[in-house]
Amino acid sequence: MMDGTAGVSGHRHADEALLDDPALLAEHDPGGMLRFTASAGAQVRESAALAAEANLSVLGDDGRPRAVVIAGIGTAGRTGDVLATVAGPRCPVPVIPHRSAGVPGWVGAADVVIAVSASGRSPEALGAAEAAHRRGARLVAVGAPDSQLQSVAERARAPFIPVPRRAPARASLWALTVPVLLAARTLGLVKVNEADLAETAARLDADADRCRPTADSFVNPAKSLALGLSGSIPIVWGSSPLATVAARRFGDTLSANSRYPVVSGALGEAGRGRVGLLDGVFGGLAEGQRDIFADPGDGGDEGVRLRLVLLRDGGLNADDDTDEPLAVEERRADAVQTLADRRGVRCDVVTAEGGSALERLASLVAVPDFASIYLALAHGLDPMAVPAITEMKELANQ
């Protein structure tokens with residue numbers, strides 16, 4: 001094997017038959033990423049129980065903060081995006097995700113810092129926790145028990161919510177998110193009740209069952225989505241702020257699990273420029289030269305093309321104060337679907353369901369999470385072991 005490719009394995013073309021063989025799936029998923037992803041509902045329940053045991057009530061002793069900073073990187077950083085979106089435009093204070101070491105220069109005693117790290121040792125979360133302590137800001141820490149982050153929280157006499165490290169961080173979104181939401185609830189920033197958590201957990205359980213390895217591709221929405229994306233350049237756009245969080249999450253998992261390059265973001269921003277991708281050399285120009293009589297399964301390589309995934313969220317209540325009227329978001333989503341159809345770019349749509357913002361977010365995250373793993377497995381990739389991540393850490397620490 002050539003230098004620089006140690007540990008890299010798999011095959012360029014997706015093997016559809018592999019996805020319908022549970023024994024082969026298990027063989028190619030030795031780390032159990034499918035099992036960990038299926039635990040999302042259990043993560044919600046466990047983290048809610050652990051947060052209830054933490055002394056979060058002290059957060060409210062000093063009243064409403066000036067601002068809340070959620071410090072973390074990767075999946076831990078996404079928890080800040082979730083909180084900002086679930087809190088919504090009516091949130092009485094700014095909610096600011098922060099993905100760098102330390103905290104913003106203006107943070108002080110009037111603010112709250114929530115430091116999040118699945119391992120409990122990320123420099124970003126540790127630096128933020130230590131800086132918050134020095135500046136007298138209220139601190140909440142979320143991460144692995146008996147970790148460096150817990151030690152910092154104990155020195156600061158700050159609440160610490162332990163999240164048992166059972167899975168890689170990218171498979172622990174819900175375990176990390178629920179404590180952040182419940183800390184924010186204690187501060188009066190979000191309305192997330194026990195029924196919302198229970199319904200969200202039930203939704204994740206139901207989607208895990210629909211996406212189980214033993215369900216064949218034609219009835220398994222995650223396998224179908226994975227096969228549709230195979231060999232493409234995925235573009236994932238969310239129609240609303242909540243759907244955009246889910247779109248960026250899908251971008252994360254497609255990159256890390258499937259090793260696919262992906263464009264993800266807000267549909268509103270896409271309409272200011274990125275929608276032009278549909279006209280380009282991987283979009284309309286390529287589709288216009290497609291041989292409609294070619295057999296898509298003949299193994300020929302006609303070139304890489306775009307595949308659009310649109311995450312649509314019709315909203316909970318059209319009367320809510322939102323950044324944009326619901327009708328505008330819906331018309332924009334309809335328009336991009338029409339554009340894709342006119343240019344021959346195939347489009348998958350995932351539509352939000354549920355009675356709360358948190359459950360609707362779960363309905364947009366669950367199937368794509370599984371799809372990213374099935375896409376990796378179809379290419380013979382181990383979705384857990386990513387040699388480039390390990391190698392980068394080794395090179396950066398030399």
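All residue numbers refer to positions in the sequence shown, counting from 1.
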Legend entry - Atom pair CG/CD of Leu377 and Glu27 - distance to nearest 0.5 Å: 11.0 Å
Inset, instruction - Return the minimal non-hydrogen interatomic distance between Ala167 and Ala171, and the atom names on each side. - result: CB-CB, 4.1 Å
Legend entry - Ser47-Gln43 side chain donor-acceptor pair, cut-off 3.5 Å: no
Inset, instruction - Determine whether Val262 and Ser255 make a side-chain contact, defined as any pair of heavy atoms from C-beta on separated by less than 4.5 Å. - result: yes
Inset, instruction - State plainly whether the residues Arg331 and Asp334 are in salt-bridge range, i.e. N to O under 4.0 Å. - result: no
Legend entry - Atom CD of Glu269 with >12 non-hydrogen neighbours under 6.0 angstrom: no
Legend entry - Beyond-backbone contact of Thr85 with Leu361, side-chain heavy atoms, under 4.5 angstrom: no
Legend entry - Euclidean distance, Leu278 CG relative to Leu285 CG, rounded to 0.5 Å: 11.5 Å
Inset, instruction - Specify the closest pair of heavy atoms between Leu267 and Ala333, including all atoms of both residues, with the distance to one decimal. - result: CD2-CA, 3.6 Å
Inset, instruction - Rounded to the nearest 0.5 Å, what's the gap from CG on Leu308 to CG on Leu339? Could you check? - result: 10.0 Å
Legend entry - Within one Ile-Leu-Val-Met-Phe-Trp-Tyr cluster: Val142 and Val113, side-chain cutoff 4.5 Å: no
Inset, instruction - State, yes or no, whether a side-chain contact exists between Val163 and Glu46 at a heavy-atom distance under 4.5 Å. - result: no
Inset, instruction - Taking Lys223 for its side chain and Pro213 for its backbone only, find out whether a donor-acceptor pair lies under 3.5 Å. - result: yes
Inset, instruction - Check whether any side-chain N or O of Asp196 sits under 3.5 Å from a backbone N or O of Asn193 as a donor-acceptor pair, and report yes or no. - result: yes
Legend entry - Hphob cluster co-occupancy, Leu56 + Leu149, side-chain heavy atoms under 4.5 angstrom: no
Inset, instruction - Give a yes or no answer on whether the side chain of Ser258 reaches the backbone of Ser372 with a donor-acceptor pair at less than 3.5 Å. - result: yes
Inset, instruction - Evaluate the side-chain proximity of Pro221 to Arg210: yes if any heavy-atom separation is below 4.5 Å, no if none is. - result: yes
Legend entry - Arg274, CZ: over 12 other non-hydrogen atoms inside 6.0 angstrom: no
Legend entry - Residue among Val190, Val180, Val86 satisfying side-chain contact (heavy atoms from CB on, under 4.5 Å) with Arg185: Val190
Legend entry - Minimum heavy-atom distance Ser363-Ala352, with the two atoms named: OG-CA, 3.3 Å
Inset, instruction - Would you confirm whether Arg170, through its side chain, and Met384, through its main-chain N or O, come within 3.5 Å as a donor-acceptor pair? - result: yes
Legend entry - Pairwise side-chain contact, Arg305 with Val345, heavy-atom cut-off 4.5 Å (strictly under): no
Inset, instruction - May I ask you to decide if Ala42's main-chain N or O and Ser39's side chain share a donor-acceptor pair within less than 3.5 Å? - result: no
Inset, instruction - Of all the heavy-atom pairs spanning Leu229 and Leu375, show the shortest one and how long it is. - result: CB-CD2, 4.3 Å
Legend entry - Backbone of Asp29 reached by a side-chain donor or acceptor of Asp382 within 3.5 Å: no
Legend entry - Residues Arg121, Ser147; criterion side-chain contact (heavy atoms from CB on, under 4.5 Å); working and verdict: CA-CA 7 Å; Arg121 60 176 184 266; Ser147 63; 6.0 Å; no
Inset, instruction - Check the pair Arg138 / Leu187 against side-chain contact (heavy atoms from CB on, under 4.5 Å), numbers first and verdict last. - result: CA-CA 11 Å; Arg138 280 176 278 176; Leu187 294 166; 3.9 Å; yes
Legend entry - CA sep, side-chain torsions, deciding dist, call: Val236, Leu254, side-chain contact (heavy atoms from CB on, under 4.5 Å): CA-CA 10 Å; Val236 190; Leu254 281 171; 4.3 Å; yes
Inset, instruction - Verify, without hydrogens or angle tests, whether His379 (side chain) and Arg12 (backbone) share a donor-acceptor contact under 3.5 angstrom. - result: yes
Legend entry - Atom pair OH/OG1 of Tyr374 and Thr37 - distance to nearest 0.5 Å: 9.5 Å
Inset, instruction - Look up atom CG in Leu139 and atom CG in Leu59, then write down how far apart they are to the nearest 0.5 Å. - result: 9.0 Å
Inset, instruction - Flag yes if Met33 and Tyr260 sit in one hydrophobic cluster, no otherwise; membership is Ile, Leu, Val, Met, Phe, Trp, Tyr, and two members link when side-chain heavy atoms are under 4.5 Å apart. - result: no
Inset, instruction - Determine, step by step, whether Arg312 and Glu330 satisfy the salt bridge (charged side-chain N to carboxylate O under 4.0 Å, His left out) criterion, reporting the C-alpha distance in whole Å, the side-chain angles of both residues, the deciding distance to 0.1 Å, and the verdict. - result: CA-CA 8 Å; Arg312 296 192 62 156; Glu330 290 292 281; 3.4 Å; yes
Inset, instruction - Could you please spell out the steps behind the side-chain contact (heavy atoms from CB on, under 4.5 Å) verdict for Asp205 and Arg45? - result: CA-CA 11 Å; Asp205 287 343; Arg45 298 183 188 93; 2.5 Å; yes
Legend entry - Distance-only polar pair, side chains of Thr79 and Asp81, donor-acceptor under 3.5 Å: no
Legend entry - Within-4.5 Å side-chain heavy-atom neighbours: Leu358 and Trp174: yes
Legend entry - Inter-residue atom distance Leu381.CG - Ile373.CD1, 0.5 Å rounding: 12.5 Å
Inset, instruction - Look at atom CZ of Arg66 and say whether more than 12 heavy atoms of other residues, nucleotides or ligands are closer to it than 6.0 Å. - result: yes
Legend entry - Side-chain heavy atoms of Thr253 within contact of Arg249, under 4.5 Å: yes
Legend entry - Connected via hydrophobic side-chain network under 4.5 Å: Ile233 and Leu310: yes
Legend entry - Taking every non-hydrogen atom, the tightest pair across Ser232 and Arg307: OG-CB, 3.4 Å
Legend entry - Any donor-acceptor pair under 3.5 Å from Gln150 side chain to Asp146 backbone: yes
Legend entry - Student check: side-chain heavy atoms of Leu311 and Val309 closer than 4.5 Å: yes
Legend entry - Connected via hydrophobic side-chain network under 4.5 Å: Ile70 and Leu182: yes
Legend entry - Side-chain donor or acceptor of Arg360 paired with backbone N/O of Gly354 under 3.5 Å: yes
Inset, instruction - State whether the side chain of Arg248 and the backbone N or O of Val245 hold a donor-acceptor pair below 3.5 Å, judged by distance alone. - result: no
Legend entry - Atom of Glu329, atom of Pro241 and distance for their closest heavy-atom approach: OE2-CD, 3.6 Å
